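Below is one structure, written out as structure tokens; the observations come after it.
Letters A, B, ... mirror the listed sequences (proteins, then strands); counts begin at 1. Just so we're clear, the structure is a prediction, and the values are computed from it rather than from any experiment.
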Amino acid sequence: MTTPYSEDRLQKLADLRAAGVDPYPASPPSQRECAAEVLATFDAREGETVTVCGRVLGRRGYGKLAFLDLDDISGRIQAVMEKALLDEDSFSLLKQMNLGDFIEVTGELKKTQKGQPSVYGTRMRILSKALLDPPAKWHGMNDVELRARMRYVDLFANEGIRPHFLKRSAILSSIRATLTKNAYTEVETPVLHPVYGGANARPFHTHHNTLDMGLYLRIAPELYLKRLLVGGMERVFELARVFRNEGISNRHNPEFTMLEFYEAYADYSIMADRTEQLVVDAACAAGCEQEDGTIQTTFRDETFNLTPPFNRIRYADAFLEHVGIEATNREALAERIHSEGIDISGEGDYFWWKAVNNLFERFVEPQLRGPVFVTHYPAAICPLAKPSPEDPTWAERFEFFLGGMELANAFSELNDPELQLENFKRQVEDSDDESPNEIDHDYVRALAYGMPPAGGCGIGIDRLVMILLGSDSIRDVLLFPLMRPDED
RNA sequence: GGGGGCAUAACUCAGUUGGUAGAGUAGCUGGCUUUUAACCAGUAGGUCCAAGGUUCAAGUCCUUGUGCCCUCACCA
């Protein structure tokens, strides 16, 4: 999509240069103030001379007078360009200016006849000449494809987009604050993994030239973060960009952000407390607090009450309620699995419970509007979780559901190196294309040095942001979602 | 990967049973000293996503391809 620059803009650029004006000057404005700051203090400062900068997004011109709307991150301010007040060079510059250009205006704070606080320019300077037209001012840029491909235009042409992404940023800050407040340390672990693990997903492959070795982009930071528990770092978290070579949908992007946090001497239940606090704090940071003190968000036409505490139910109980069969009733389940046309693709516990879980996903999960913690998952499908002491059929694990989506997944972390090795071996034997096909022996060795009992949790941050901001698609909360390149 | 939908000017969109391409905004020219979607007059702007096909004639119908959207599958 090569868009040739318009003739007239190129002409104006040439005219500027011919007049000895640098259209892309190096020197920054010396005493620049932002629009919101000027407007907030306007009444007290009327008559003062200030300098404001911004992108020209509106212009209403007269013969010897023009009104310009200057847009900066804080807001918009009107500059009045009156021939009688401006120096001659500045007034003639108006001719060479287009919508979309960045300019600097110095002038006196004064209200217009209609009472609008404005800067009456005495001097103007071009800061950056735009060669492409901004989208139509009233309609903005609507096409979702264009908006995502050219987010740089979306951000300035569509109202509300910058605040929207600033809220995502506020949620991330809130997460860091909540965890730091609880004595967690933020860490960074490798993105390039020689062996992939910590989740079931197909990885991206890459290659290191000098070492001549294959590498994977991480599908989860889990196994490295738990190595840190072995090393004695008791509370760690990582806001990790992870990569999964899977389908793309309105809730899946090949790279996404996952928060993982691990805490020694904690278990899945304490992690549920932490998750609750993280979600509540993030919701407040996103502005979900209501006047009556409740915390609410509306996502896909459904309103969710995030006022703590969140419900907790057992997997087996939810299963019985929505499927109508005891999760341990093998005979009845076998019949149901068969009648639903679900394949049991192999022998043994793993495949059996995978089929049972298939029923759970199909009949229970859609009912879980949330916020709700589902606890005690079948141990056979939880190779990294500690089996429950009361009944090893179940693992000390929860998944957290909100807005009909799985948002978080947590365990009491398995720290028995021999059991872990067994689980890894079974995983590799049963490898069905999704699960890791190689054993991470270094991780097992780390466990053998002793890992304290610990709880760990992973939260899908993009989905959390979607729900808190009421965005229907993951693409609306990613600045640059993955797209096929357009030909050009 | 399966099914469905969309693709027309820089942006937002019209375009009838197939008959030779339209508007608003942005741009350009002129006018205008209080507008805020400024206004008035004029002007310019198109490989109708691409390639084939049917037809006297295709933006419109058919086939294939490309991109995006929705949906199902997959993604614990």
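Counting non-hydrogen atoms under 4.0 angstrom, A/E399 reaches the backbone sugars and phosphates but no base. Within the 4.0 angstrom heavy-atom criterion, base atoms lie near A/Y120. Looking at heavy-atom distances under 4.0 Å, A/Q78 makes contact with a base. Nucleic acid contact class of A/G61 (heavy atoms, under 4.0 Å, all strands): base.
Judged by closest nucleotide on RNA chain B, A/M97 is the one of A/K83 and A/M97 placed further toward the 5' end.
For the pair A/I248 CD1 and B/rG2 C1', the computed distance is 17 Å after rounding to whole Å. Between the CZ atom of A/R9 and the C1' atom of B/rG45 there is a distance of 15 Å, rounded to whole Å. Residue A/L65 contributes atom CG, which lies 16 Å from atom P of B/rC39 at whole-angstrom precision. Nucleotide B/rU12 holds its C1' atom 14 Å from the CG atom of A/D154, rounded to whole Å. As a whole-Å value, the separation of A/M81 CE from B/rU36 C1' is 16 Å. In this entry the distance linking CG of A/L99 with C1' of B/rA37 reads 12 Å, nearest Å. Between the NZ atom of A/K129 and the C1' atom of B/rG27 there is a distance of 11 Å, rounded to whole Å. The CG-P distance, from A/D143 to B/rA10, rounds to 14 Å in whole Å.
Remark: the separation of the C1' atoms in B/rC11 and B/rG45 is 13 Å, to the nearest Å. Comparing the P positions of B/rG15 and B/rA57 gives an interatomic distance of 26 Å, to the nearest angstrom. Annotation: B/rU34 and B/rA23 have their P atoms spaced 31 Å apart (nearest Å). Distance check on atom P: B/rC62 versus B/rU16 gives 15 Å, rounded to whole Å. The C1' atoms of B/rG3 and B/rU20 are separated by 37 Å, rounded to the nearest whole Å. For the P atom pair drawn from B/rC49 and B/rA14, the interatomic distance equals 14 Å after rounding to whole Å. For the P atoms, the distance linking B/rC56 with B/rG18 amounts to 15 Å, nearest Å. For B/rU64 and B/rG1, the P atoms lie 16 Å apart once the distance is rounded to whole Å.
Distances from the side chain of A/M141 to the nucleotides B/rG67, B/rU34, B/rC11 place B/rC11 closest. Out of B/rG24, B/rA38, B/rU33, the shortest distance to the side chain of A/R60 is found at B/rA38. Candidate nucleotides B/rC74, B/rG67, B/rG27 were compared by shortest atom distance to the side chain of A/E246, and B/rC74 ranks first. The listed nucleotides are B/rC68, B/rC74, B/rC11; the one nearest the side chain of A/V144 is B/rC68. In the set B/rC11, B/rC13, B/rC70, B/rC13 carries the atom at the smallest distance from any side-chain atom of A/N142. Of the candidate nucleotides B/rU12, B/rC70, B/rC68, B/rC70 has the atom nearest to the side chain of A/N250. For A/R475, the listed nucleotide lying nearest its side chain is B/rC69; candidates were B/rU36, B/rU34, B/rC69. Among B/rU33, B/rG67, B/rG27, the nucleotide with an atom closest to any side-chain atom of A/E145 is B/rG67. In this structure, the nucleotide among B/rU36, B/rG30, B/rC11 sitting nearest to the side chain of A/K95 is B/rG30.
Stem list for RNA chain B (at least 3 consecutive Watson-Crick or G-U pairs, distances under 3.5 Å): B:1-7 with B:66-72, B:10-13 with B:22-25, B:27-31 with B:39-43, B:49-53 with B:61-65.
Salt-bridge annotation for A/E82 and A/K64: absent, with no side-chain N of the basic residue lying under 4.0 Å from a carboxylate O of the acidic one.
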Practice prompt. Walk me through it: do A/D440 and A/R227 pass the test salt bridge (Lys or Arg N to Asp or Glu O under 4.0 Å)?
Written response: CA-CA 12 Å; A/D440 190 338; A/R227 283 171 168 94; 3.1 Å; yes
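Relative orientation of the A/H376 and A/Y268 rings is perpendicular, given thresholds of 30° and 60° on the angle between their planes. Between A/W394 and A/W353, the two ring planes are perpendicular [angle over 60°; tilted spans 30° to 60°]. Taking the six-membered ring where tryptophan is involved, the planes of A/F398 and A/F373 are perpendicular, since the angle between them exceeds 60° and thus also 30°. Under the 30°/60° scheme for interplanar angles, the aromatic rings of A/F204 and A/F243 are found to stand perpendicular.
A donor-acceptor distance shorter than 3.5 angstrom exists from the side chain of A/D101 to the backbone of A/A130, with no hydrogens or angles considered.
Aromatic pair A/Y224/A/H193: ring centres closer than 6.0 Å.
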Please tabulate, for side-chain N and O atoms in residues 68-76 of chain A, each donor-acceptor pair with protein atoms closer than 3.5 Å (sequence neighbours left out).
residue, atom, partner, partner atom, Å
A/D69, OD1, A/R60, NH2, 3.0
A/D69, OD2, A/R60, NH1, 3.0
A/D71, OD1, A/R76, NE, 3.4
A/D71, OD1, A/R162, NH2, 3.4
A/D71, OD2, A/R162, NH1, 3.3
A/D71, OD2, A/R162, NH2, 3.1
A/D72, OD1, A/S74, N, 2.8
A/D72, OD1, A/S74, OG, 2.7
A/D72, OD1, A/G75, N, 3.1
A/D72, OD2, A/A35, N, 2.8
A/S74, OG, A/A35, N, 3.2
A/S74, OG, A/A36, N, 2.9

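The environment of CZ in A/R123 is sparse: at most 12 heavy-atom neighbours from other residues, nucleotides or ligands sit within 6.0 Å.
Between A/R59 and B/rG27 there is a side-chain polar atom (N or O) within less than 4.0 angstrom of OP1 or OP2.
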